[in-house]
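Worksheet: the structure to be examined is printed underneath.
Both counts, for ligands and for their atoms, begin at 1 and track the order of listing. Start at 1 with the first residue, then count along the sequence. Just so it is clear, the model here is predicted, and its values are computed rather than measured.
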Amino acid sequence: MSFLDQLAELRARATAALAESVHDLPSLQAWERQFLGGRGELTALLRGIGSVPAEERPEAGREANALKRELTAHYEAREAELATADLAQRLESDAVDVTLPGRRSPLGTVHPVWKMIDEVSQIFALMGFETVFGPEVEIGRYNFDLLNIPSDHPARDVWDTIIVESDREEIVLRTHTSPMQARIMEQREPPVRVIVPGRTYRYEAQDASHEWMFTQIEGLAVDENIKMTDLKGVLQEMARQLFGPNRRIRFRCDFFPFVEPGVDFAVDCAICDGKGCRVCKQTGWLEMGGAGMVHPRVLQGVGYDPERYTGFAFGLGVERLVMMKYGVNDLRAFAGNDLRFLRQFAAATI
Ligand SMILES: [Zn+2]
């Protein structure tokens, strides 16, 4: 068979094979390998062109190249066709029925304790207080010593402290947010106005009003001429913002080693307007926390001159604020991981 006849035969077979056996991209690839590729039949035929008589060789070369272009054009056209079909098929099989209702992703919400912290932080921000955070694992020096609680002081026994084992120094889970008083004062010169929200820990048996982990907000203001009336005004403003414009604040003497004088403070019950009800246990008052004027020894301990500067400090139980505002009757609910409890606060703007 002459070279030209072999080309004609190859053209006929390749064209027929394209029509009969190529129906998708893989079979098109196989076709390309068989006829056009580096090891394909056309390439093999071209290698034999040297044996064609010299006078016929130019035409044989032209014809062979023409066939190569022709088959390449067939290949590209078919490939484009199949790619479009393939895309159409994938679009069809992957089709999303947009008329189906969507699946709602479960959305988390801010924990009621942290909602309350945000609210209280905003109230104090308007009175010039910055919100700062401190370590939950604390050195005894900050948790006790710098707060006028020496190692032999009876108050050190009042809190059953969770101790972190350490060879070098006393390390505890902080029993209150007060250590940040000393840390902040060590870092700054007066005026100081901060609130410190955060978790605190005490080794306590749990019941409806006691938890081994709870949340406090510490407040501290130190400057020249700070008086007890400033403390009362600030706490009263907070109570009115949280519980309504008619709320009143009550101070009663109390003892905390790091304040002198010390008080516990209560707000009159918003539910019965101070007349006495179940929530306030018929007293008309709801206890909110402890407060007082910063003890001169605490000021001295951080290098402040107690002759020049005075200050007040207070500590609030955050869970207690939420309990008062929403009538929650069990402290354990806050860390109890019961979503039915937490979801009730999802829509609440505290
Ligand atoms: Zn009441």
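- Panel detail: the Zn ion (ligand 1) has protein N, O or S atoms under 2.8 Å away, 4 in number.
- G315 approaches E218 most closely through the heavy-atom pair CA-OE1, 4.3 Å.
- Using a 4.0 Å cut-off between charged nitrogen and carboxylate oxygen, E63 and K68 do not count as a salt-bridge pair.
- For E119 and K115, the salt-bridge test fails: no basic side-chain N is under 4.0 Å from an acidic carboxylate O.
- Smallest separation of non-hydrogen atoms from H176 and N143: NE2-O, 3.0 Å.
- Within the 3.5 Å criterion, the main-chain N or O of T175 finds a donor-acceptor partner in the side chain of R202.
- Residues F341 and F334 place their aromatic rings such that the two centres sit under 6.0 Å apart.
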